[in-house]
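Working notes for the structure below.
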Amino acid sequence: MRKGAKRKARPAATEEAATKPKATAARAKRVKASQPQPEPEYVEEQRNLQDLWKAAFPVGTEWDRLESIYQYDWDFSNLEKEFEEEGGKFHGIGNNKVYLFGQTETSSPSKPVLIPTLVAVVAPRPPSMEIGIRSVQREDKEIVPMRQMKMDWIPYIPFEQREGWNSERAKKSGSNLPQIFVLGCTQRKAGLKQMKEERWMKFQYCMPYLMNPNEEEKEQSTVVDILFPREPQAPLFVQFDWEFDEVEEYTDELIKAEELSEDKKEAFMEFVREEVKKAKKKIREEREAKKKLMEDPKYQEAKMYYENMRLYKIYPVQTPNTPVIEMKSKYINFYYGSAHEII
């Protein structure tokens, strides 16, 4: 510009444009606020033998109480350790197998909650393919094939051998489990409704059977229960000991005590003699059966089996979420007797 020349006035619009910042060629895209990601849900990893205790049917438990057993999360991790840890009762047992059956006990008389227990038999073959049917109410006892009661020894498949198990994890586990069999039952509760009462009641009188060759012969009682009918009065119940009581003298004492009328004397005496005869015959038959059994080759085989097997009774681990187990017992049942050890 020359000296002294006047500056031309700039249009107002141009001045405003000069004061404003230049618009960007393209408007920046809006960035959405990131949503908080939910924390990954923790899923407890399945243990290899986690459902083993549930696979064993609780033999002899009342059907209408079966479901109550599973309302608690019972912890049988102690059983699993005996299989998986070196030095465990069921680890490295050679050619032996483990046969498991379930039972139930009540936690205490004041709290009759059913507690599941397991019995483990360590042996090369099944302890028996028969089941006993026996109850406190029934004097007689039956021994029948397991399959008659829809029961059998079923192979248990650990998780690592099931389809869908992580093969890498199975490889790392280095598991060396023995063969495991559980006593299972295929009878369904719904099917009981179509059975006669006598038939379905047998299921809750069942108990695993084992021929016990070392069972000592019980001392036979000489006391007979007498239930003498005397209509229209109620039957007369007395106990007669044939070793110490004489029939007529015993009858006279009852008449003297006004428990028996004079006109019933002869009938009562005859009734007592018949009951004593039946009791003696039963004892004689039991002794003959025992003698015959001892001569059977199977008896010697059973004796060897019994001497070499090991019996363990397993209780669940006490946890804050399960009922208190006030007492533990080695006793299993009438046929098995007691376990060698409690786990």
Side-chain angles (χ1 to χ4, degrees), residues 42-85 87-91 97-122 127 151-162 165 173 175 177-189 203-204 206-208 310-333 336 338-343:
Y42 173 73
V43 179
E44 186 178 354
E45 192 173 26
Q46 287 179 319
R47 303 188 304 275
N48 195 20
L49 303 174
Q50 184 172 317
D51 62 352
L52 175 55
W53 77 271
K54 291 181 180 179
F57 181 71
V59 185
T61 303
E62 295 174 4
W63 282 90
D64 57 353
R65 300 188 69 189
L66 274 178
E67 292 178 6
S68 70
I69 301 170
Y70 308 105
Q71 66 180 321
Y72 297 102
D73 187 17
W74 300 102
D75 182 356
F76 278 92
S77 57
N78 52 341
L79 170 66
E80 297 169 37
K81 289 177 182 177
E82 297 295 344
F83 278 101
E84 298 178 328
E85 295 184 359
K89 302 289 188 299
F90 315 129
H91 185 89
K97 303 174 181 65
V98 179
Y99 297 88
L100 284 167
F101 62 84
Q103 298 184 140
T104 50
E105 298 178 4
T106 51
S107 54
S108 68
S110 57
K111 297 179 180 178
V113 176
L114 288 182
I115 295 174
T117 63
L118 295 169
V119 174
V121 183
V122 179
M151 297 185 193
D152 204 350
W153 295 108
I154 302 169
Y156 171 77
I157 309 300
F159 273 105
E160 66 180 20
Q161 296 175 22
R162 299 179 196 177
W165 178 269
S173 70
S175 176
L177 296 174
Q179 279 187 285
I180 306 170
F181 293 85
V182 294
L183 184 55
C185 179
T186 58
Q187 176 61 52
R188 295 291 170 258
K189 188 176 180 180
F203 280 94
Q204 60 191 48
C206 283
M207 60 176 68
R310 293 291 295 174
L311 287 174
Y312 299 92
K313 188 173 179 182
I314 304 102
Y315 282 86
V317 176
Q318 189 69 68
T319 69
N321 300 321
T322 52
V324 175
I325 304 171
E326 296 183 1
M327 187 179 71
K328 296 181 180 181
S329 168
K330 287 184 177 181
Y331 183 73
I332 299 172
N333 67 25
Y336 274 77
S338 296
H340 295 105
E341 193 175 334
I342 290 177
I343 296 175

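For this chain, numbers begin at 1 and follow the sequence in order.
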Within-4.5 Å side-chain heavy-atom neighbours: Val122 and Lys89: no

Exercise. Kindly indicate, with the supporting measurements, whether the criterion ring-ring contact (aromatic ring centres under 6.0 Å, His included) is fulfilled by Phe76 and Trp53.
Key: CA-CA 7 Å; Phe76 278 92; Trp53 77 271; 5.3 Å; yes

Item to check | Distance-only donor-acceptor check, side chains Glu105 and Tyr315, under 3.5 Å | outcome: yes

In the structure I gave you, are the side-chain heavy atoms of Leu183 and Phe57 within less than 4.5 Å of one another anywhere? no

Classify the side-chain pair Thr319/Asn321 by whether it contains a donor and acceptor separated by less than 3.5 Å. no

Shortest non-hydrogen pair, Ile343 vs Asn78, comes out as O-ND2, 3.7 Å

Discussion item. Take a 6.0 Å sphere around NZ of Lys97 and say whether it holds more than 12 heavy atoms from other residues, nucleotides or ligands.
Written reply: yes

- Message: Before you tell me yes or no, could you show the steps for Thr61 and Gln204 under side-chain contact (heavy atoms from CB on, under 4.5 Å), namely the whole-Å CA-CA distance, both residues' side-chain angles and the distance that decides it to 0.1 Å?
- Response: CA-CA 5 Å; Thr61 303; Gln204 60 191 48; over 6 Å; no

Worksheet item: Does a side-chain heavy-atom distance below 4.5 Å link Gln50 with Phe159?
Response: yes

- Donor-acceptor contact below 3.5 Å, side chain Asn333 vs main chain Tyr336: yes

Minimal heavy-atom distance between Pro116 and Leu114, with the atoms involved, is CD-O, 3.9 Å

State, yes or no, whether a side-chain contact exists between Leu49 and Leu79 at a heavy-atom distance under 4.5 Å. no

Answer yes or no: is there a donor N or O on one side and an acceptor on the other, between the side chain of Gln161 and the main chain of Pro158, under 3.5 Å? no

Margin query: In the structure I gave you, are the side-chain heavy atoms of Val119 and Tyr99 within less than 4.5 Å of one another anywhere?
Written below: no

Minimal heavy-atom distance between Phe83 and His91, with the atoms involved, is O-ND1, 3.1 Å

_Is there a side-chain contact between Val182 and Leu52 in this structure, where contact means two heavy atoms from C-beta onward sitting under 4.5 Å apart?_
yes

* Do Pro208 and Met151 touch side chain to side chain, with heavy atoms closer than 4.5 Å? -> no

Next item on the list: Might you work through the side-chain contact (heavy atoms from CB on, under 4.5 Å) test for Asn48 and Glu84, ending with a clear yes or no?
Entry: CA-CA 9 Å; Asn48 195 20; Glu84 298 178 328; 3.4 Å; yes

Next on the checklist: Just so I know, are the side chains of Thr104 and Ile115 near enough to count as touching, which here means a heavy-atom distance under 4.5 Å?
Outcome noted: no

